[in-house]
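Since we're looking at a predicted model, the values are computed, not measured. Chain A is the first sequence line, chain B the second, and so forth, proteins listed ahead of strands; every chain is numbered from 1. Only this structure's heavy atoms are used, side chains among them; waters, hydrogens and symmetry mates stay out.
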Number of protein chains: 2
Amino acid sequence: MSDEKIFKDCLKTLQPFNDTLDIISGKWRLQVIIAIGAGCNRFNIIQTNIPKITPKVLSKELKLLEANKIIRREISTGYPVKINYYLEPYADTLTPLINAIRDWGLNHRSKIIKAMKDTGG
Amino acid sequence: MSDEKIFKDCLKTLQPFNDTLDIISGKWRLQVIIAIGAGCNRFNIIQTNIPKITPKVLSKELKLLEANKIIRREISTGYPVKINYYLEPYADTLTPLINAIRDWGLNHRSKIIKAMKDTGG
DNA sequence: CCGTATCCTGCACGATACTG
DNA sequence: CAGTATCGTGCAGGATACGG
């Protein structure tokens with residue numbers, strides 16, 4: 001198999017990467033997932049616990065995560081009506097991914113800092 | 001340990017995520033890594049094989065990847081001078097991550113399509 | 001309390017031309 | 001061949017105010 005062929009095969013597989021990155025990347029995405037996972041279930045509680053996030057942005061994030069089945073939105077029919085957000089069990093499938101991303105990041109920062117030291121002094 | 005404590009711990013760990021995502025996300029990043037890994041070692045060969053990428057953007061991508069030790073830039077001192085880009089061995093540490101991202105994306109697309117079918121009809 | 005509506009800003013990325 | 005320079009654009013995200 002030629003390098004060219006390998007390359008074309010790889011390019012064809014970009015879609016799954018983008019599908020994943022569309023969900024886990026972005027300035028607020030992981031923070032929202034983490035907040036809900038940590039028990040922040042109400043809109044204003046999430047907002048309070050994620051510094052600087054605006055309601056517009058939070059609303060958009062929640063809708064995307066709901067559309068992708070990562071979280072669910074529950075409306076209690078009592079009075080007053082309460083809306084709660086929860087992680088879906090499906091969110092657990094993200095765990096290995098999230099761990100892999102974190103671990104690589106931790107290792108990478110050490111590597112780059114070490115490389116800077118070696119070069120700088 | 002309270003939920004609040006868990007949450008604070010999680011927020012403290014956002015940096016490694018961002019470190020990783022800064023490197024693997026973006027419109028062109030993975031395509032450049034893949035192209036070089038597939039044997040495209042010259043600037044214009046990479047450019048030719050990544051449709052629509054401009055030299056300005058490719059230049060920026062290459063510098064970032066080099067600064068992060070994912071690739072290296074080799075200047076041959078013969079005539080004419082040739083510049084080649086290669087993946088560093090360190091790039092291999094990205095493989096498990098890249099596989100995890102691709103696999104989750106593939107599975108996720110099936111899930112969402114299935115969910116749409118179940119809802120839509 | 002749980003959002004929407006408007007308007008605005010910044011930055012990643014794009015088009016095109018040019019240089020050693 | 002391997003980039004830089006300039007100018008332009010689109011979209012994520014931000015500020016602020018308001019609505020059910």
Counting N and O atoms only, with roles assigned by atom type, does the side chain of [X] sit under 3.5 Å from a partner on the main chain of [Y], one being a donor and the other an acceptor?
X       : Y       : value
B:Ser59 : B:Pro55 : no
B:Ser76 : B:Lys82 : yes
B:Thr95 : B:Asp92 : yes

Please work out which residues in residues 74-83 of chain B have a non-hydrogen atom less than 4.0 Å from an atom of DNA chain D and list them by number.
->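 Contacting residues: B:Ile83.
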Pairs touching residues 43-63 of chain A that satisfy salt bridge (charged side-chain N to carboxylate O under 4.0 Å, His left out), sequence neighbours left out = A:Arg29-A:Glu61
Which residue pairs satisfy the salt bridge (charged side-chain N to carboxylate O under 4.0 Å, His left out) criterion with at least one member in residues 32-44 of chain A, sequence neighbours excluded?
->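 Listed once each, the pairs would be none.
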May I ask you to test the B:Asp19-B:Ile23 pair for a side-chain heavy-atom distance under 4.5 Å?
->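 With C-beta onward as the side chain, the pair stays apart.
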All side chain to side chain donor-acceptor pair (under 3.5 Å) counterparts of B:Asp22, not counting sequence neighbours =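 With neighbours one apart ignored, the set is empty.
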Quick one: side chain to side chain donor-acceptor pair (under 3.5 Å) partners of B:Glu74, sequence neighbours excluded?
-> B:Arg72
With sequence neighbours left out, what residues match A:Lys114 under salt bridge (charged side-chain N to carboxylate O under 4.0 Å, His left out)?
-> A:Asp118
Any residue meeting salt bridge (charged side-chain N to carboxylate O under 4.0 Å, His left out) with A:Arg73, in chain and number order, not counting sequence neighbours |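 A:Arg73: no salt bridge (charged side-chain N to carboxylate O under 4.0 Å, His left out) contacts found.
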Output yes when at least one side-chain N/O atom of B:Arg42 is less than 4.0 Å from OP1 or OP2 of D:dG3, else no.
-> no
If you round to the nearest 0.5 Å, how far is OG1 of B:Thr20 from CG of A:Asp103?
->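 Nearest 0.5 Å value for the CG-OG1 distance: 9.0 Å.
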Any ring-ring contact (aromatic ring centres under 6.0 Å, His included) pairs touching residues 87-118 of chain B, not counting sequence neighbours?
-> A:Tyr90-B:Trp104, A:Tyr90-B:His108, A:Trp104-B:Tyr90, A:His108-B:Tyr90, B:Trp104-B:His108
Is there any ring-ring contact (aromatic ring centres under 6.0 Å, His included) pair reaching into residues 38-88 of chain A, and which pairs are they, with sequence neighbours excluded?
->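 For residues 38-88 of chain A, and leaving out neighbouring residues, there are no ring-ring contact (aromatic ring centres under 6.0 Å, His included) pairs at all.
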To the nearest 10 degrees, the angle between the two end axes of the helix from C:dC1-D:dG20 to C:dG20-D:dC1 (five pairs per end) comes to 40°
Nearest-Å distance, CD1 (B:Ile45) to C1' (D:dA2)?
->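 Rounded to the whole Å, the gap is 12 Å.
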B:Leu62 CG to D:dG3 C1': how many Å, rounded?
-> 10 Å
Min and max contacting nt of DNA chain C in 5' to 3' order, chain A heavy atoms within under 4.0 angstrom, are C:dC1 to C:dC7
What string of B, S and - do you get for nucleotides 5-20 of chain D 5' to 3' if you count protein non-hydrogen atoms under 4.0 Å?
-> -BB-----BBB-----
